[in-house]
Amino acid sequence: MKTVAAKLYEGMFLVDSALAASDWQGVNDTIRSILERFGAEIVTTDKWDERKLAYDIKGKSRGTYILVYFRVNGERITEIERTFQINENIMRVLILCVDDLDEQYITKPGQKTAVRVEEPRQEAAPVAIEAPPVDLIEAEPGEAEADSGESEQGSEEEQAEQQ
């Protein structure tokens with residue numbers, strides 16, 4: 001028998017604002033019951049903002065966002081997403097694995113964002129860049145033709161002066 005460790009996931013759920021305002025406990029219970037049915041351990045639940053949607057979803061123009069952190073076996077995520085997608089009370093769902101997130105930075109009720117812990121970036125060693133020799137720099141078009149005659153004359157004059 002294969003044992004799979006539960007990973008930490010972040011679920012963002014969009015529900016109808018009217019439903020969330022009238023029956024918040026029912027919406028919360030729906031989300032919790034679906035997650036618990038698949039063996040998820042809920043870490044925290046947070047009601048985010050109610051917003052006007054960019055486009056109507058299921059005939060609704062406003063939605064309330066609910067953020068839930070939970071632990072579950074990764075093999076169950078597809079089933080969980082499918083169950084939320086066919087639920088009439090949930091307009092949209094997005095579930096992301098955030099196993100690299102330190103639990104102390106998980107949003108607490110009232111916070112708006114989680115802070116991700118990043119490893120310090122190592123600075124790259126400076127690289128010396130050499131300038132190309134002056135004679136390899138290209139002249140502007142037209143200048144090359146005018147300069148070519150002068151350079152020949154100039155070089156002849158320079159040679160005469162040097163002698």
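Quick caveat: nothing in here was measured; it's all calculated off a predicted structure.
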### Query
Given the rule in the side chain to side chain contact (heavy atoms under 4.5 Å, CB included) test, do Leu53 and Ser61 qualify, once you have shown the distances and angles that lead to the verdict?
CA-CA 5 Å; Leu53 303 174; Ser61 61; 5.7 Å; no
### Message
Quick one, Phe38 with Thr83, criterion side chain to side chain contact (heavy atoms under 4.5 Å, CB included). Give me CA distance, side-chain angles, the key distance, then yes/no.
### Response
CA-CA 10 Å; Phe38 291 100; Thr83 303; 3.3 Å; yes
### side chain to side chain contact (heavy atoms under 4.5 Å, CB included) between Val98 and Leu8, intermediate numbers included
CA-CA 6 Å; Val98 291; Leu8 182 64; 3.8 Å; yes
### Query
Does the pair Leu35 and Val72 meet the rule for a side chain to side chain contact (heavy atoms under 4.5 Å, CB included), with working shown?
CA-CA 9 Å; Leu35 290 173; Val72 72; over 6 Å; no
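How far CG of Asp23 is from CG of Asp29: 8.0 Å, rounded to the nearest 0.5 Å. Rounding to the nearest 0.5 angstrom, the gap separating the OH atom in Tyr9 from the CD atom in Glu81 is 9.5 Å. How far OG of Ser17 is from CE of Met91: 7.5 Å, rounded to the nearest 0.5 Å. To the nearest 0.5 angstrom, Leu67 atom CG is 10.0 Å from Leu94 atom CG. The NZ atom of Lys58 sits 7.5 Å away from the CZ atom of Arg92 when rounded to the nearest 0.5 Å.
Linking Ile, Leu, Val, Met, Phe, Trp and Tyr residues whenever their side-chain heavy atoms come within less than 4.5 Å leaves Val27 and Ile57 in two separate clusters. Hydrophobic clustering of Ile, Leu, Val, Met, Phe, Trp and Tyr side chains at less than 4.5 Å, counting indirect connections, keeps Ile90 apart from Tyr55.
In this structure, Asp49 contributes its side chain and Arg51 its backbone to no donor-acceptor pair below 3.5 Å.
In terms of the salt bridge (Lys or Arg N to Asp or Glu O under 4.0 Å) criterion, residue partners of Lys60 (sequence neighbours excluded) are, by chain and number, Asp16. With sequence neighbours excluded, no residue forms a side-chain hydrogen bond (donor to acceptor under 3.5 Å, both in side chains) with Glu88.
The minimum heavy-atom distance linking Lys47 with Thr64 is given by the pair CE-CG2, 3.9 Å. Here the shortest heavy-atom pairing between Thr45 and Ile42 reads OG1-CG2, 3.7 Å.
Environment of CZ in Arg82: sparse, with no more than 12 heavy atoms of neighbouring residues, nucleotides or ligands closer than 6.0 Å.
At least one side-chain heavy atom of Asp99 sits less than 4.5 Å from a side-chain heavy atom of Arg71. The side-chain heavy atoms of Ile31 and Phe84, taken from C-beta on, include a pair separated by under 4.5 Å. With contacts defined as side-chain heavy-atom distances shorter than 4.5 Å, the pair Ile95/Phe70 qualifies.
With Phe13 as the fixed residue, the side-chain contact (heavy atoms from CB on, under 4.5 Å) test singles out one of Ile34, Val93, Thr30: Val93.
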